[in-house]
Amino acid sequence: MKLGPVLFATVAALVAAVHGASPCGPVLLPDLNKAFPAGASKNYCDKGGEGAPVSECATNRDAVIGIDAGIKAYKVTRRGEVVASIAWMLFESGGWKYNINHTPGTIGQGTRCMMMWEFISEYAQSLFPEEYKKLMGTSAAKPETATDAIKTSVIKLVLPNNMSFSAAFWFLVNKAPTFHNNNAKLRDGNMEDFKEYVTKGIGTTWTAEREKIWIDVNKAIVFS
């Protein structure tokens with residue numbers, strides 16, 4: 001299987017300041033451990049999430065590698081964007097316990113940010129165009145017509161950690177571009193900006209738990 005070259009390209013340094021924002025990355029494991037202490041334990045994945053196999057669980061050590069791959073691959077240089085993406089993934093994955101949707105069991109929904117099928121389809125195609133075409137068959141032209149079996153096969157392409165933890169950064173850059181490299185959006189340390197991203201960029205519901213996770217991530221993640 002040939003992986004999308006952009007994802008594993010060697011990046012010597014992240015892009016410098018964009019629109020006055022400080023360059024960021026990599027995310028350091030000690031900082032991620034502060035943001036999400038439970039995931040720091042080597043025994044964290046002894047038990048999986050409810051209804052999910054243990055194999056879906058990831059520790060912070062697993063997560064930080066994929067997060068940094070996403071930052072580099074999609075050239076995300078603003079701290080506010082990185083914090084928002086990590087907070088989104090932590091919430092949707094139940095603290096790294098889930099990689100696909102188990103409740104209610106929406107086929108084709110997954111990665112650590114739980115993208116819906118329409119985005120999974122685009123993401124997989126961007127990374128694995130040849131494999132995607134083969135798996136999709138006649139549904140390639142109209143992904144919404146894909147059967148559950150096809151969706152299940154395609155999503156497996158992007159579930160390995162590097163792709164799964166990079167998905168939130170792909171989404172930000174490609175599906176919510178008005179929030180990317182925009183001085184008026186996802187500003188550093190601005191929770192209201194994150195709330196706007198959740199409700200208008202991602203298009204989902206704001207909750208107190210999302211707020212708590214963002215506060216923890218925002219306090220912990222530091223870039224020199």
Near-ring test F194/W206, centroid separation under 6.0 angstrom = yes

ask   = Atom CG in N174, atom CD in E122: separation rounded to 0.5 Å?
value =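 Interatomic distance, N174 CG to E122 CD, rounded to 0.5 Å: 8.0 Å.
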
Check against side chain to side chain contact (heavy atoms under 4.5 Å, CB included), E56 and H102 = CA-CA 11 Å; E56 283 189 41; H102 290 275; 2.6 Å; yes

ask   = Quick check: does any side chain N or O of N161 sit under 3.5 Å from a backbone N or O of G66, one acting as donor and the other as acceptor?
value = no

query = Ignoring hydrogens and geometry, is there a side-chain-to-backbone donor-acceptor pair from E81 to L186 under 3.5 Å?
reply = no

inquiry  = Is there a side-chain contact between N43 and S41 in this structure, where contact means two heavy atoms from C-beta onward sitting under 4.5 Å apart?
reply    = yes

ask   = Where do V64 and L28 land on the side chain to side chain contact (heavy atoms under 4.5 Å, CB included) test, with the steps shown first?
value = CA-CA 7 Å; V64 77; L28 301 178; over 6 Å; no

message = With heavy-atom distances below 4.5 Å as the criterion, would you say the side chains of M163 and L157 are in contact?
response =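 No, their side chains stay 4.5 Å or more apart.
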
request  = Verify, without hydrogens or angle tests, whether N33 (side chain) and P37 (backbone) share a donor-acceptor contact under 3.5 angstrom.
outcome  =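 Checked: no pair found.
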
query = Between W170 and K175, is any pair of side-chain heavy atoms under 4.5 Å apart?
reply =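 In contact.
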
inquiry  = For M89 and I67: C-alpha separation, side-chain torsions, deciding distance, then whether side chain to side chain contact (heavy atoms under 4.5 Å, CB included) applies.
reply    = CA-CA 10 Å; M89 289 190 287; I67 289 168; 3.9 Å; yes

request  = Measure the shortest side-chain to side-chain distance between W117 and I107 over non-hydrogen atoms and say whether it is less than 4.5 angstrom.
outcome  =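 No; the side chains remain at least 4.5 Å from each other.
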
ask   = Can you tell me how far the CZ atom of R112 sits from the OG atom of S166, to the nearest 0.5 Å?
value = 12.0 Å

query = So which heavy atom on K185 is nearest to which on D193, and how close?
reply = C-OD2, 3.7 Å

ask   = How many angstroms lie between CZ in F169 and CD1 in I86, if you round to the nearest 0.5 Å?
value = 5.5 Å

message = Just verifying a value: how many Å separate T138 OG1 and I150 CD1, rounded to the nearest 0.5 Å?
response =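 One finds 6.5 Å between OG1 of T138 and CD1 of I150.
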
Check: D46 and V54 side chains under 4.5 Å, non-hydrogen atoms =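 No, every pair of side-chain atoms sits at 4.5 Å or beyond.
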
query = Under 4.0 Å between a Lys/Arg side-chain N and an Asp/Glu carboxylate O for E144 and K151?
reply = no

task = For the pair E92 and R210, evaluate salt bridge (Lys or Arg N to Asp or Glu O under 4.0 Å) and give the outcome as yes or no after the intermediate values.
result = CA-CA 9 Å; E92 297 291 349; R210 289 185 189 274; 2.8 Å; yes

ask   = What are the two closest non-hydrogen atoms of L135 and S153, and how far apart are they?
value = CD1-O, 3.8 Å

Under 3.5 Å, which donor-acceptor pairs link side chains of residues 214-223 to any protein atom two or more places apart or in another chain?
| from | atom 1 | to | atom 2 | distance (Å) |
| --- | --- | --- | --- | --- |
| D216 | OD2 | K212 | NZ | 3.1 |
| N218 | OD1 | R79 | NH1 | 3.0 |

ask   = Does the side chain of P143 come within less than 4.5 Å of M136's, by heavy atoms?
value =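 Of all side-chain heavy-atom pairs linking P143 with M136, at least one is under 4.5 Å.
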
ask   = Taking all non-hydrogen atoms of both residues, which atom of L32 and which atom of A63 are closest, and how far apart?
value =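 For L32 versus A63, the nearest heavy atoms are CD2-CB, 4.1 Å.
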
key: Ring centre gap for W96 and F165 strictly below 6.0 Å   =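 Ring centres of F165 and W96 closer than 6.0 Å.
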
ask   = Less than 4.5 Å apart, any side-chain heavy atom of Y98 and any of M114?
value = yes

query = Do D62 and T59 have side-chain atoms, one donor and one acceptor, less than 3.5 Å apart?
reply =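 Side-chain D/A pair, D62 to T59: present.
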
note = Rounded to the nearest 0.5 Å, the NE2 atom of H180 sits from the CZ atom of R78 at a distance of 8.5 Å

query = Is it true that the NZ or CZ of K97 lies under 6.0 Å from the centre of Y44's six-membered ring and within 45 degrees of the ring axis?
reply = yes

key: Check against side chain to side chain contact (heavy atoms under 4.5 Å, CB included), L172 and F179   = CA-CA 7 Å; L172 170 67; F179 290 85; 4.0 Å; yes

key: No-hydrogen, no-angle side-chain donor-acceptor test under 3.5 Å, S121 and Y132   = yes

ask   = Going by heavy atoms in the side chains, are W88 and V198 under 4.5 Å from each other?
value = no

request  = Using atom types as modelled and distance alone, determine if a side-chain donor or acceptor of S126 lies under 3.5 Å from a backbone N or O of Y123.
outcome  =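 Judged by distance alone, yes, a pair lies under 3.5 Å.
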
